[in-house]
Amino acid sequence: MTTHDNVVCTFCGCLCDDIEVEVRDNTITAVKKACAIGKNKIMHATSDPPPISVRGVETSVDEAVEEAVRIMSTARNPMVYGMSSTTSEAQREMVEIAEITGANLDNCSSYCHGPGVLARQQVGLVSCSLGEAKNRADLVIYWGCNPVEAHMRHLSRYSLQPKGLFMPEGRKGRKVVAIDVRPTPTTKRADVFLQVQPGHTFEIASVLRALLNGVELDFPDGADSVAGVPVEAWREVVEMVKKCKYGVLFFGLGVTQCRNTDINVEQVARLVQDANRHTRFSAVAMRGHGNVNGTNQVMSWLTGYPLAVNFSRGFPRHNPGEFSVVPMLARKEIDAALIVATDPGAHLPKDAVDFLKTIPVIHLDPHRNMTTPWATVVIPVAPVGVAATGTFYRMDNVPLRLKKLVDSPFPTDEEVLKTMKEKIAYAANN
Ligand code: SF4
């Protein structure tokens with residue numbers, strides 16, 4: 001038996017890197033320290049792969065790759081999409097395939113934290129590592145997120161409970177505020193819970209900025225509440241911000257997918273900038289899938305844009321309303337799709353999935369899912385972080401190297417995509 005320590009769990013954006021995994025005869029027999037989701041994910045990482053298939057007929061990896069290359073080489077307006085649960089090395093190959101084929105390139109962030117990434121490009125974001133939050137934060141604000149259920153070790157490892165270098169008392173030394181539209185297990189752990197009406201993120205951030213900057217509020221209709229919460233309560237939050245030594249705001253989809261999307265996050269980012277006139281304050285986006293952050297990083301390095309890129313003119317063009325996955329599928333503009341490390345059958349709107357079923361779809365994934373039964377080409381791959389190594393970006397933009405724990409009979413995403421890229425490039429030049 002071999003025991004691997006400091007293994008990275010690749011399921012959610014926390015990327016906990018303290019996991020212990022026991023392996024016997026190329027089989028994972030025990031997982032320690034992970035949360036229930038992470039443990040289950042690692043224990044069953046190599047189980048239930050889909051058959052290698054082309055149009056429902058079982059075949060070899062080589063023949064499946066040949067068909068995938070033929071589809072992408074002959075498509076007039078293909079789409080390359082997904083990437084949120086694969087390595088940044090594989091993401092790089094996907095960007096290159098999109099460039100060679102003149103494809104639309106998008107990732108899962110276009111319907112989760114993408115607006116926050118766009119806002120960051122517009123106004124910047126004062127941010128910090130999760131280590132700094134653990135070691136320094138005496139004020140934590142959770143806004144529009146529920147880490148107790150979505151990032152199960154976030155509170156115990158990074159934000160709420162842990163004792164840190166300058167926080168020897170852990171939870172006792174911290175004030176915690178939660179802002180959400182409904183009570184959640186996370187709001188129950190907060191000292192102050194502000195239950196707000198949905199759709200008012202911009203308004204709340206604007207009022208907090210005004211109070212923080214000493215601007216007198218003058219509501220024409222004599223209202224004394226904002227988003228259903230008395231102004232006095234917002235004043236108290238502002239006083240907590242001013243008095244803290246180091247504050248961290250963790251924000252989720254309740255902020256990024258609220259009405260106004262990226263404009264909300266711009267205003268929240270400016271709020272954090274304003275807070276830094278009084279104290280030290282940072283914000284961290286609660287990224288969901290393991291390496292969805294990596295998709296934005298890799299696409300930004302290689303194309304200049306974090307999502308929704310179109311290569312049809314031979315150079316990258318960016319327009320989220322036009323080139324992101326859901327509008328592209330709604331307009332039925334694409335004629336083939338390469339989809340890696342995401343399950344559109346489970347995540348996209350029904351109309352989008354119905355359209356995908358009418359065009360050739362190449363799907364790479366370690367597991368059977370709601371896309372594998374109808375995808376034209378299905379290639380199972382080695383699960384990353386268990387049977388394949390590579391790089392993932394944590395929610396705080398820290399890159400972590402994954403370990404390989406067991407051997408897989410299947411190639412990695414990166415290997416399949418690299419082969420496809422070389423064959424597509426050869427076909428394009430001959
Ligand atoms: Fe894995 Fe996320 Fe659980 Fe950590 S919190 S063990 S990264 S699923």
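Order of listing sets the numbers, starting from 1, for every ligand and every atom in it. Since we're looking at a predicted model, the values are computed, not measured. Numbers here are sequence positions counted from 1.
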More than 12 foreign heavy atoms under 6.0 Å from NZ of Lys39: is that the case here?
no
Is atom 3 (Fe) of ligand 1 under 2.8 Å from any N, O or S atom of Cys35?
yes
Given 3.5 Å as the limit, does a donor-acceptor pair link the side chain of Asp343 with the main chain of Asn369, or not?
no
Which residue owns the protein heavy atom closest to atom 1 (Fe) of ligand 1, what's the atom, and how far is it?
Cys9 SG, 2.3 Å
Would you call the rings of His347 and His289 parallel, tilted or perpendicular, taking 30° and 60° as the class edges?
tilted
Among protein heavy atoms, which sits nearest to atom 4 (Fe) of ligand 1, and what does the distance come to when rounded to 0.1 Å?
Cys16 SG, 2.3 Å
Taking atom 2 (Fe) of ligand 1 as the reference point, the nearest protein heavy atom with its distance
Cys12 SG, 2.3 Å
Ignoring hydrogens and angles, tell me if any N or O in the side chain of Arg287 forms a donor-acceptor pair with the backbone of Ser109 under 3.5 Å.
no
Atom 4 (Fe) of ligand 1 and His154: any N/O/S contact shorter than 2.8 Å?
no
If we number the atoms of ligand 1 from 1 as shown, the ones under 4.0 Å from a heavy atom of Gly38 are 1 (Fe), 8 (S)
Which atom of Ile28 lies closest to which atom of Val23, heavy atoms considered:
CG1-CG2, 4.2 Å
List every atom of ligand 1 that sits less than 4.0 Å from any heavy atom of Met152, numbering the atoms from 1 in the order shown and giving each element.
5 (S)
Protein contact to atom 5 (S) of ligand 1 [nearest heavy atom, distance to 0.1 Å]:
Arg153 N, 3.4 Å
Hey, can you tell me if Phe250 and His154 have their rings parallel, tilted or perpendicular (30° and 60° cut-offs)?
perpendicular
Counting each atom of ligand 1 from 1 as listed, which ones have a heavy atom of Leu15 under 4.0 Å away?
7 (S)
Determine whether more than 12 heavy atoms belonging to other residues, nucleotides or ligands lie under 6.0 Å from atom CG of Asp48.
yes
Under a 4.0 angstrom heavy-atom cut-off, which atoms of ligand 1 come close to Phe11?
8 (S)
